[in-house]
Protein chains: 2
Amino acid sequence: MTTDVDGDTTELSRPARRQAEIAAYVVKHGSVSANDLVEAFGVSVMTVHRDLDELERQGVVRKYRGGVSAQPTSVFESNVAYRLNTAHAEKAAIARHARAMIEPGMSVMLDDSTSALALVDLFEDIAPLTVATNFLPAITKLAQLRDVTLLALGGIYSATHDSFGGMPCAEAVEALHADLLFCSVSAVSSTHAFHQEEEIVLVKRAMLRSARTKVLLVDHAKLQRTALHRLAPLTDFDLVIVDEKTPKDLIEPLRDHGATVEVAKL
Amino acid sequence: MTTDVDGDTTELSRPARRQAEIAAYVVKHGSVSANDLVEAFGVSVMTVHRDLDELERQGVVRKYRGGVSAQPTSVFESNVAYRLNTAHAEKAAIARHARAMIEPGMSVMLDDSTSALALVDLFEDIAPLTVATNFLPAITKLAQLRDVTLLALGGIYSATHDSFGGMPCAEAVEALHADLLFCSVSAVSSTHAFHQEEEIVLVKRAMLRSARTKVLLVDHAKLQRTALHRLAPLTDFDLVIVDEKTPKDLIEPLRDHGATVEVAKL
DNA sequence: ATAACATAACACCAGAAGACGATAAGAACG
DNA sequence: CGTTCTTATCGTCTTCTGGTGTTATGTTAT
């Protein structure tokens, strides 16, 4: 089983968690039948199909008669549900650390990352604030807050990321200039930040151009990894925040290459 | 769908309805104290304050120590909650009528109107479809649908309308060109469509420029009224859809002035 | 200082929505 | 033409969130 958990209670609803597990299962096995999943997860055929429909909607799997097959793992990795599963406490800690950088009245830009989402929960107290983001869950939350001027970055909706992207989004970003940018990526080497998807890279790059101070949020699971597209050198960021679980010998190399790194306490 | 008979059984949650009523009450009385409202509505002080907070967030009232005062009525009239109260069945009927114009594969633009929202509920069956809108409730719904390419029109969030607007939004609209536009307004005379708010007019005008076929959705409550800003002559629309409750002698003048009008059957 | 008002923090309740499986109808495959 | 897989529909169950009042604490005015 792929139940490698690093001690965090999933804050995910049961079906969402199961779907993430099914996704992992499918990715691992390449392709499986519905009945396999019935056995493996102990739910009815109907439920399996419903889960698979949802996963297909998110672009994680492809259904055909008799079973499902996995899509390129890049899709799986950038799947929201999957990401939400990961490193909860760490992200909260990073968010708390990042919060200190934000002064009332500032304009803040957020990308479509769960790390950024954790930050949103802290905004209520820092208000007034102007926040720009292309991440639908963040938009929904921010719309509820008083004293937060919300600037939604529109674009083409991606069910995989639950966010907006593409050219329309990049253009919307380019029309702005924020005091602060908080963003995250899927992989970080000792010199660069990486992401699998070109479209996302496009938007993130635009964001980097449209902010004065750029902050990269990195939980330890992302270090020492790479992905297809090189987003930017770490020195492009004014600050890189990592969580406390990050091994020290992984932090040093970043600093050696010129990055400014701070460690968020849990 | 909603098989409610005559009039309007509010499909609004109890608090939302009460808030709308409180808003009306405040508008009527100019300014009142929290305790007045406690008596008038038979709920606790706490609840009154919560309602008032929400109304203030929407910009409908202004709180001060000891009570609240009304804001300009234009705000009240364009308040979403208030609008949702109105002419439910009619809007559904209009939506059903409008639906016939949509072919699979088309690109459709929707404005931030409750009439347009009624239309969204019918999209699932017409898919595939490309839909562009600046209305948050519509965006939320559309994001759930498969086979709908959602293009969110970003911009500055307005709690009053629960939608995005301003210059960023107008620019996003201008970058597009949709096959169909469905929009609504707050008032319709025999020659023109009107709206109270300049910002909204700005976006709607942009939408009119960015669509091939333009359809105006009008429930009977809006006819023979005007508002501050003249949006456009009715002849700018390829079609005006009204509901069945519209008196015939109100429809004729529209046609006399050159508008194409169809009546939606309930 | 004290009264009037506003907010915060809890706990309760109800109604709604979600999740699920069973069964039956439908569609693709051989 | 039957078998296998998929989808639709319904009813049940559970879970959860929204809405509420009560009490306690904070704040502002006089």
Side-chain angles (χ1 to χ4, degrees), chain A residues 9-23 26 31-58 61-69 81 84 121-122 124-125 127 137 140-141 143-147, chain B residues 1-2 4 9-23 26 31-58 61-69 80-81 84 121 124-125 127 137 140-141 143-147 162:
Chain A
T9 42
T10 67
E11 289 202 8
L12 229 45
S13 71
R14 195 146 70 97
R17 189 168 359 115
R18 185 185 53 239
Q19 281 163 24
E21 284 166 16
I22 288 180
V26 174
S31 83
V32 295
S33 77
N35 282 330
D36 291 348
L37 294 168
V38 169
E39 272 189 45
F41 291 90
V43 291
S44 74
V45 188
M46 198 59 239
T47 299
V48 165
H49 277 290
R50 274 189 278 245
D51 286 349
L52 293 177
D53 286 345
E54 174 59 21
L55 289 173
E56 184 175 48
R57 196 185 67 86
Q58 294 173 8
V61 304
R62 228 189 68 241
K63 282 187 83 171
Y64 53 84
R65 186 178 174 78
V68 291
S69 65
L84 281 173
D121 292 328
L122 308 175
E124 192 153 24
D125 311 319
T140 309
K141 280 192 180 186
Q144 307 300 322
L145 300 187
R146 298 152 166 287
D147 301 322
Chain B
M1 279 278 201
T2 50
D4 49 15
T9 34
T10 62
E11 288 205 7
L12 229 44
S13 69
R14 194 145 71 96
R17 189 166 359 115
R18 185 186 54 240
Q19 281 164 23
E21 284 166 15
I22 288 180
V26 174
S31 83
V32 294
S33 77
N35 282 330
D36 292 348
L37 294 168
V38 169
E39 271 189 43
F41 291 90
V43 292
S44 74
V45 177
M46 197 60 238
T47 299
V48 166
H49 277 291
R50 275 189 278 243
D51 286 348
L52 293 177
D53 285 345
E54 174 58 21
L55 289 172
E56 183 174 49
R57 196 185 67 86
Q58 295 173 8
V61 303
R62 228 189 67 241
K63 282 186 84 172
Y64 53 85
R65 186 177 173 80
V68 291
S69 65
V80 183
L84 281 173
D121 292 328
E124 193 153 23
D125 310 320
T140 309
K141 280 192 179 187
Q144 307 300 323
L145 301 186
R146 293 155 169 287
D147 301 323
D162 207 2

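Sequence lines set the chain letters: A, B, ... in the order given, protein chains first and strands last, and positions in each chain run from 1. Just so you know, these numbers come straight off a predicted model, no measurement behind them.
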Peer 1: Tell me: CG of B:Leu37 to C1' of C:dC5, nearest whole Å?
Peer 2: 14 Å

Peer 1: Take atom OH of A:Tyr64 and atom P of D:dT7, then tell me their distance rounded to the nearest Å.
Peer 2: 14 Å

Peer 1: Walk me through it: do B:Leu145 and A:Arg57 pass the test side-chain contact (heavy atoms from CB on, under 4.5 Å)?
Peer 2: CA-CA 9 Å; B:Leu145 301 186; A:Arg57 196 185 67 86; over 6 Å; no

Peer 1: Grab the CZ-C1' distance between B:Arg17 and D:dT20 for me, whole Å please.
Peer 2: 15 Å

Peer 1: Check nucleotides 14-16 of chain C for protein N or O atoms closer than 3.5 Å to its own N or O atoms and list the pairs.
Peer 2:
none

Peer 1: Might you list the N or O atoms of the protein lying below 3.5 Å from N or O atoms in nucleotides 11-14 of chain D, with each pair's distance?
Peer 2:
none

Peer 1: Could you measure the distance from the CD atom of B:Gln19 to the CZ atom of B:Arg50? Nearest 0.5 Å is fine.
Peer 2: 11.0 Å

Peer 1: To the nearest 0.5 Å, how far apart are CD in A:Glu39 and OG in A:Ser33?
Peer 2: 8.5 Å

Peer 1: Could you give the distance from CD (B:Glu56) to CD (B:Gln58), rounded to the nearest 0.5 Å?
Peer 2: 11.0 Å

Peer 1: Describe, as an angle rounded to 10 degrees, how the axis at the first end of the helix from C:dA1-D:dT30 to C:dG30-D:dC1 is tilted relative to the axis at the last end, five pairs per end.
Peer 2: 40°

Peer 1: Check whether any side-chain nitrogen or oxygen of A:Lys63 sits under 4.0 Å from OP1 or OP2 of D:dT7, and answer yes or no.
Peer 2: yes

Peer 1: Heavy atoms only: give me the nearest A:Val43-A:Val38 pair and the separation to one decimal.
Peer 2: O-CG1, 3.2 Å

Peer 1: I would like to know whether A:Arg18 and A:Thr47 meet side-chain contact (heavy atoms from CB on, under 4.5 Å); could you show each step before the answer?
Peer 2: CA-CA 10 Å; A:Arg18 185 185 53 239; A:Thr47 299; 3.3 Å; yes

Peer 1: Sort me out a list of protein N/O and nucleotides 17-24 of chain C N/O pairs below 3.5 Å, or just none if empty.
Peer 2:
from	atom 1	to	atom 2	distance (Å)
C:dC20	OP1	A:Arg18	NH1	2.7
C:dC20	OP2	A:Arg18	NH2	2.6
C:dG21	OP1	A:Ser44	N	3.3
C:dG21	OP2	A:Ser44	N	2.9
C:dG21	OP2	A:Ser44	OG	2.8
C:dG21	OP2	A:Thr47	OG1	2.4
C:dG21	N7	A:Arg50	NH2	2.8

Peer 1: What distance separates A:His49 NE2 from A:Ser44 OG, expressed to the nearest 0.5 Å?
Peer 2: 9.5 Å

Peer 1: Quick one: salt bridge (Lys or Arg N to Asp or Glu O under 4.0 Å) partners of A:Arg62, sequence neighbours excluded?
Peer 2: none

Peer 1: In whole Å, I'd like the distance from the CG atom of A:Leu52 to the C1' atom of D:dC5.
Peer 2: 13 Å

Peer 1: Walk me through it: do A:Phe41 and A:Ile22 pass the test side-chain contact (heavy atoms from CB on, under 4.5 Å)?
Peer 2: CA-CA 8 Å; A:Phe41 291 90; A:Ile22 288 180; 3.6 Å; yes

Peer 1: Send over the distance from B:His49 NE2 to D:dG21 C1', rounded to a whole Å.
Peer 2: 14 Å

Peer 1: Is there any protein nitrogen or oxygen under 3.5 Å from a nitrogen or oxygen in nucleotides 2-4 of chain C, and what are the pairs?
Peer 2:
from	atom 1	to	atom 2	distance (Å)
C:dA4	N3	B:Arg65	NH2	2.9

Peer 1: Between B:Leu37 and B:Leu52, is a side-chain contact (heavy atoms from CB on, under 4.5 Å) present by the stated rule, with each step listed?
Peer 2: CA-CA 10 Å; B:Leu37 294 168; B:Leu52 293 177; 3.9 Å; yes

Peer 1: Can you measure from NZ (A:Lys63) to CG (A:Leu55) and round to the nearest 0.5 angstrom?
Peer 2: 10.0 Å

Peer 1: For the residue pair B:Asp162 and B:Pro137, establish whether any side-chain heavy-atom pair is separated by less than 4.5 Å.
Peer 2: yes

